[in-house]
Amino acid sequence: MHLPDYKEARSRSKKEYNRIEFKSNNKIANKYSGKKFFLKTYGCQMNEHDSENIEALLVSLGFSKVDDYNEADLVLLNTCSIRENAHNKAFGMLGRLKHLKSEKRDLLIGLCGCMAQEASVVEEILRDYKFVNFVFGTHNLYQLPNIIDKAIEENEQQIEVFSREGDLVEGLPVIRSNNYKAYVNIIYGCDKFCTYCIVPYTRGRERSRKKEDILTEIRDLINDGYKEVTLLGQNVNAYGKDLYDDYNLGDLLEEIALMGIPRVRFMTSHPWDFTDKMIEVIGKYPNIMPSVHLPVQSGSSKILKRMGRRYTRENYLELFHKIKDTVPGVSISTDIIVGFPGETEEDFLETMSLVEECKYDNAFTFIFSEREGTPACKLEDNTSLAEKEERLQRLNAVVNKYFLENNKKLEGNVLKVLVEGISEKKDMYFGYSETNKLINFNCDRELSAGEIIDVEITSAKTWSLDGKAI
Ligand code: SAH
Ligand code: SF4
Ligand code: F3S
């Protein structure tokens, strides 16, 4: 048994990590043929991509996937700790599974992902959720086949969570959920330690993948017909810092753009290390999508300082306008937290005025959620939840106003859309524009997923656009 420990998770060493190649355990390949699994993913793209590896590892054991957990022999929850509601959703699901297990004694239940890295979650599972068969963390996902095999063979709860990141594992099998768009990890972990955030504890220190490994993965994707890659990291702008003296995200983006894949995206960018070279490269290559997710969190420099964000309102706005001025037609989206401890009405109004200035194309807005073990937990907080909810509503009204206003400007324009398929609800084709807008459209001829076509925009909505293929 290995239990998570925050002290260890917080520590950062200069130790070089090893790059190792994943080796499958042939002794247990297909051992569980005929068994079915249900996998539920909470959280960010990183977790979604981890689930693509998990699925392939389960298939290598012989499991096949089902969409209804009632039919499964194994239910695995890939969890997220970012806010309390993500946490509550996973525990709610465990409650339903407890009921199911009382009728189906052989049901295997597992939990992995970020919540598995939290000591308090694992303690709760040991105490109150004894029916959970196994838990593993984000640093040892590759051990899943052996952990499951052991849980079944020994019929004993397996808790295998490492607080410190170990080797960086290359060559994990993957079953991608989309045949045209792929996620590619470029950097793991986060060293920023924003005071509200749990990610640096659940994902470990920043570790970049070697550029050769990334470029090989993308070359293979291009050969398999992929049209779009999204480079993933909690902070992609830190790419390369731990590995190279003089090679960063700007250089990587440029090399990938030159490989000729039609669309390259990247997320998430922390404003702190957004270099001029990056902005220049994004503006220069038409296949690097003009779409930047640039989380601001707050418009008040006082609150930004308390959040440990390393920039002021002014620094942020300067960067924002530099990107807008250099990259033609760029869309910028953001994340905002309201109700951070100590946020006054004046601070909140600064966030509102920043939004009025930036007129974001998209924004994800949240009420501050206290995460155990993070420094923000210890800050005094005098604002009631009702007041925070009211701020969130006011903020959402302004951000929505600008989503619609920006979309309206696109009416009559012709946009390039990567076709995803047919939306059953609307009986129309759908896909995403270069600036990542959801487009529903009609077309006289039959289209295949993965095509990139021109669509004329006929009407704008707040969260999508309608159009007609030309
Ligand atoms: N690495 C990304 C963010 C990943 S988490 C970045 O720094 O930009 C996604 C978003 O969740 C954050 O941008 C933040 O807005 C929100 N978030 C993180 N911790 C939170 C918390 N404790 N309470 C509320 N929102 C939080
Ligand atoms: Fe969390 Fe900040 Fe790291 Fe983003 S940059 S993952 S908000 S600590
Ligand atoms: Fe959640 Fe972990 Fe992602 S906390 S947002 S799943 S890195």
Side-chain angles (χ1 to χ4, degrees), residues 4 9-10 12 40-51 54 77-87 89-90 111-118 121 137-139 141 165 183 185-206 232-239 266-274 292-299 303-304 306-311 316 319 332-341 343 351 360 362-377 379 381 385 388-389 391-392 395 399:
R10 197 181 300 127
R12 292 290 187 268
K40 171 88 185 154
T41 311
Y42 304 84
C44 61
Q45 286 88 346
M46 205 89 53
N47 247 20
E48 281 175 33
H49 186 39
D50 284 349
S51 281
I54 291 172
L77 308 183
N78 189 9
T79 60
C80 168
S81 320
I82 201 82
R83 283 171 292 275
E84 198 181 352
N85 64 348
H87 173 110
K89 272 190 208 155
L111 184 139
C112 64
C114 288
M115 278 170 66
Q117 297 293 143
E118 291 184 75
V121 168
T138 57
H139 300 311
L141 187 156
E165 62 287 333
Y183 290 131
N185 285 323
I186 62 166
I187 178 168
Y188 300 97
C190 183
D191 290 345
K192 290 289 176 290
F193 287 99
C194 303
T195 57
Y196 50 81
C197 186
I198 200 159
V199 172
Y201 308 85
T202 64
R203 293 276 170 171
R205 83 167 161 135
E206 284 172 359
L232 287 183
Q234 281 303 340
N235 174 18
V236 286
N237 296 31
Y239 178 77
F266 52 95
M267 71 183 311
T268 299
S269 291
H270 187 295
W272 167 258
D273 17 43
F274 216 117
V292 178
H293 189 59
L294 195 68
V296 67
Q297 314 299 359
S298 168
I303 295 299
L304 287 169
R306 287 177 160 234
M307 287 177 162
R309 286 294 286 184
R310 310 172 186 214
Y311 53 82
Y316 180 90
L319 174 65
I332 302 188
S333 55
T334 201
D335 294 340
I336 300 172
I337 297 176
V338 301
F340 188 79
E343 184 191 74
T351 298
Y360 290 106
N362 205 352
F364 300 90
T365 57
F366 313 103
I367 292 180
F368 167 72
S369 171
E370 215 172 80
R371 307 317 292 137
E372 203 182 313
T374 62
C377 272
L379 299 174
D381 190 359
L385 183 61
K388 294 183 183 191
E389 280 167 350
R391 283 182 196 164
L392 184 69
L395 177 64
V399 293

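Note that ligands are numbered from 1 as they come in the structure, with each ligand's atoms numbered from 1 the same way. Quantities reported herein were computed from a predicted structural model and do not represent experimental measurements.
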Show your working on ring pair (Phe, Tyr, Trp, His ring centres under 6.0 Å) between Tyr239 and Phe266 and close with a plain yes or no. CA-CA 11 Å; Tyr239 178 77; Phe266 52 95; over 10 Å; no

Where do Arg371 and Tyr201 land on the side chain to side chain contact (heavy atoms under 4.5 Å, CB included) test, with the steps shown first? CA-CA 11 Å; Arg371 307 317 292 137; Tyr201 308 85; over 6 Å; no

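Within the sub-2.8 Å shell of atom 1 (Fe) of ligand 3, the protein contributes these N/O/S atoms: Cys80 SG. Near-neighbour remark for atom 3 (Fe) of ligand 2: protein N, O or S atoms under 2.8 Å are Cys190 SG; waters not counted.
Phe340 and Phe368 have perpendicular rings, their planes meeting at more than 60° on a 0 to 90° scale where under 30° would count as parallel.
In this structure, Gln234 is part of the shell of residues with a heavy atom less than 4.0 angstrom from ligand 3. Residue Arg203 places every heavy atom at 4.0 Å or more from ligand 2.
Side-chain atoms of Ser269 do not come within 3.5 Å of backbone N or O of Leu294 as any donor-acceptor pair. The backbone N or O of Asn237 sits less than 3.5 Å from a side-chain atom of Asn235, completing a donor-acceptor pair.
Shown here is Gln45, whose CD atom has more than 12 heavy atoms of other residues, nucleotides or ligands within 6.0 Å.
With salt bridges taken as basic N to acidic carboxylate O contacts below 4.0 Å, one links Lys192 and Glu206.
The residue from Glu372, Glu118, Arg203 that alone fulfils the side chain to side chain donor-acceptor pair (under 3.5 Å) condition with Ser81 is Glu118.
Residues meeting the salt bridge (Lys or Arg N to Asp or Glu O under 4.0 Å) test with Arg391, sequence neighbours left out: Glu343, Glu345, Glu387.
Using a 4.0 Å cut-off to heavy atoms of Tyr196, the atoms of ligand 2 that qualify are 7 (S).
Using a 4.0 Å heavy-atom criterion, the residues that approach ligand 1 are Ile82, Arg83, Tyr196, Gln234, Thr268, Pro295, Gln297, Arg309, Asp335, Ile337, Phe366, Ile367, Phe368, Ser369, Arg371.
To the nearest 0.5 Å, atom CG of residue Asn78 and atom CE of residue Met46 are 12.0 Å apart.
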